[in-house]
Amino acid sequence: MDKQTVFDVDRDYYMPVFARYSIVLTHGEGPYVYDSEGKKYIDFLAGIAVNVLGHAHPKLVAAVAEQAGKIIHCSNLYYTEGQAMLAKSLATASGLDKVFIGNSGAEANEGAIKLARKYGKAIHPDKVQIITAEHSFHGRTLATLTATAQPKYQHGYEPLPGGFDYVPFNDIAALEAAMSDKTCAVMLEPIQGEGGVNMPDQDYFIKVRALCDRYGALLILDEIQTGIGRTGKMFAYEHYGIKPDIVTLAKGLAGGVPIGAFIASNKVASAFGPGDHGSTFGGNPLACAAANAVINSIQEEKLINNAQVIGEYLIAQLNALKEKYPALISEVRGKGLMAGAKLTIPGREIVNSCMNQGAIINCTAGDVLRFVPPLNITKGHVDEMTAILEKTLAAVQL
Ligand SMILES: *Cc1c(COP(=O)(O)O)cnc(C)c1O
């Protein structure tokens, strides 16, 4: 099918919610994807921080193929080895205790919100307030878009669920002023992703943790984007020397197979009993086999270390571009292989122009170029991408 036909069929039959780029992707290999005309792209978006092993990673392909040939799904009425072992890996890696597996990020956060409410209400019927941060992103279900403190995601969907309050990110005084014994949870991203790769001060989360402890509120960390090695640690909270009560995961966890998970301490997880939460597909054998393969590959290939080392190189190269084009790039920020370059102009044209030259990157929050490549890239891949970005920036300057 030629690409124009795909565009036409999509326009006629797909809900018009996405502003897509005008290419049809067909396959990938490692950090590259190919379009329907055979054009090759270096992929520094990785399906929005999802394809942590790149494309068509042999171990992930084999694990999914093998599992598909055995059993894809059997419901949660029965035990499966893959699910039990994935729960053990995630509990062990996080330092928490109990895991629930769903199918997406929004579902993971939705489950975390439900668990926090149950936990809070058992202490006092009014302990229901959930505080989130401005410019956050937590998903598209009604509760998670209410947690997402950005009006553009909420507009048109009112009435929204109650009990949510918002504070500026990285403003401890504002959080303190909003909290009380009625606060059941504070829910934050360790580094805001969709909001523009916004970094907190190094001591912000220590103070957040202390406030949560003072008010008996749970700290929920949304690591859907930052987790699974992205920032050069398995979980981004390891950078801050704290531990949450609940952490949520999704994007990179199964390398592209739909999955989401939330992990809680025993104290918190015990608020749930049989029948309190559930999922038909969640934690099915296929998704768990993929996630187990991803976690094994991350360990075997030392990808957390790679994310840290190559991430430092990426940020250094972006800073070099900032030095060279100070009129276009005002700030470079990020940690590991989660980097942002704040522009002085809207980013969409830059992204488009890079795409035309064979590099896939992304723009978030209107003017922040975001780089969230596979975790197994090399310095050479960074050079490939930044060379294209530099050509694009040079053309803008003319
Ligand atoms: C992507 C994302 C979500 C939503 O995940 P979906 O799988 O799209 O529902 C939630 N929180 C953060 C931090 C994300 O980056």
Side-chain angles (χ1 to χ4, degrees), residues 15 17-20 45-52 100-116 130-150 152-154 157 164 166 169-170 185-200 205 219-231 233-237 239 244 246-263 279 281-284 287 290-291 294 334-340 362-365 368 370-373 375:
M15 296 243 180
V17 295
F18 296 111
R20 301 189 206 264
L45 179 58
I48 317 183
V50 167
N51 303 297
V52 288
F100 182 90
I101 305 169
N103 308 286
S104 69
E107 251 186 88
N109 284 338
E110 188 84 23
I113 290 166
K114 285 176 68 181
L115 178 58
I130 294 173
I131 301 176
T132 67
E134 290 167 11
H135 304 294
S136 61
F137 185 81
H138 299 296
R140 304 279 197 159
T141 63
L142 272 173
T144 59
L145 72 81
T146 305
T148 296
Q150 299 195 53
K152 67 174 177 180
Y153 292 108
Q154 301 176 344
Y157 301 113
F164 289 84
Y166 312 127
F169 186 58
N170 196 31
V186 175
M187 180 168 175
L188 297 166
E189 295 155 87
I191 298 170
Q192 291 187 327
E194 303 302 309
V197 193
N198 302 322
M199 309 272 296
F205 276 99
L219 175 58
I220 305 174
L221 289 183
D222 177 345
E223 293 242 18
I224 286 165
Q225 191 159 154
T226 53
I228 310 299
R230 169 73 40 204
T231 69
K233 300 272 187 199
M234 187 64 169
F235 295 90
Y237 59 76
H239 292 293
I246 306 178
V247 61
T248 61
L249 291 172
K251 291 196 162 82
L253 178 54
V257 176
I259 196 167
F262 59 101
I263 317 169
S279 171
F281 290 124
N284 76 38
V294 166
K335 206 147 192 107
L337 285 171
M338 178 173 181
N362 167 243
C363 171
T364 189
V368 179
R370 180 174 44 169
F371 309 89
V372 282
L375 303 185

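Please read all numbers here as calculations on a predicted model, not as lab measurements. All residue numbers in this chain count up from 1 along the given sequence. Counting convention: from 1, in listed order, for ligands and their atoms alike.
No side-chain heavy atom of Glu189 sits under 4.5 Å from any side-chain heavy atom of Glu194. Between Pro190 and Phe235, the closest side-chain pair of non-hydrogen atoms is not below 4.5 Å. No side-chain heavy atom of Ile263 sits under 4.5 Å from any side-chain heavy atom of Ile246.
Using a 4.0 Å cut-off between heavy atoms, Asn109 contacts ligand 1 through its side chain alone, with no backbone atom that close. Looking at Glu189 against ligand 1, only its side chain comes within 4.0 Å, counting heavy atoms. With a 4.0 Å cut-off on non-hydrogen atoms, Lys251 touches ligand 1 through its side chain and not its backbone. Here Ala250 has no heavy atoms under 4.0 Å from ligand 1, in either its backbone or its side chain.
Taking every heavy atom of Ala106 and a limit of under 4.0 angstrom, the matching atoms of ligand 1 come to 4 (C), 5 (O), 6 (P), 9 (O). Distances below 4.0 Å separate heavy atoms of Gln225 from the following atoms of ligand 1: 15 (O).
Within the set Thr226, Leu221, Asp222, the minimum heavy-atom distance to atom 11 (N) of ligand 1 is found for Asp222.
Annotation: Gly139 places no N or O atom under 3.5 Å from an N or O atom of ligand 1; distance criterion only.
Enclosure of atom NE2 in His135 is not indicated, since only 12 or fewer non-hydrogen atoms of other residues, nucleotides or ligands lie within 6.0 angstrom. Summarising the local packing, CZ of Phe281 is surrounded by 12 or fewer heavy atoms from other residues, nucleotides or ligands at distances under 6.0 Å.
Panel note: side chain Gln154, backbone Leu145; a donor-acceptor pair is recorded below 3.5 Å.
Looking at atom 5 (O) of ligand 1, its nearest protein heavy atom turns out to be Gly105 CA, 3.3 Å.
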Quick one: do Thr226 and Met338 satisfy side chain to side chain contact (heavy atoms under 4.5 Å, CB included)? Show the steps, please. CA-CA 8 Å; Thr226 53; Met338 178 173 181; 3.7 Å; yes
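Taking a distance limit of 4.0 Å, we find that atom 8 (O) of ligand 1 is approached by no protein heavy atom.
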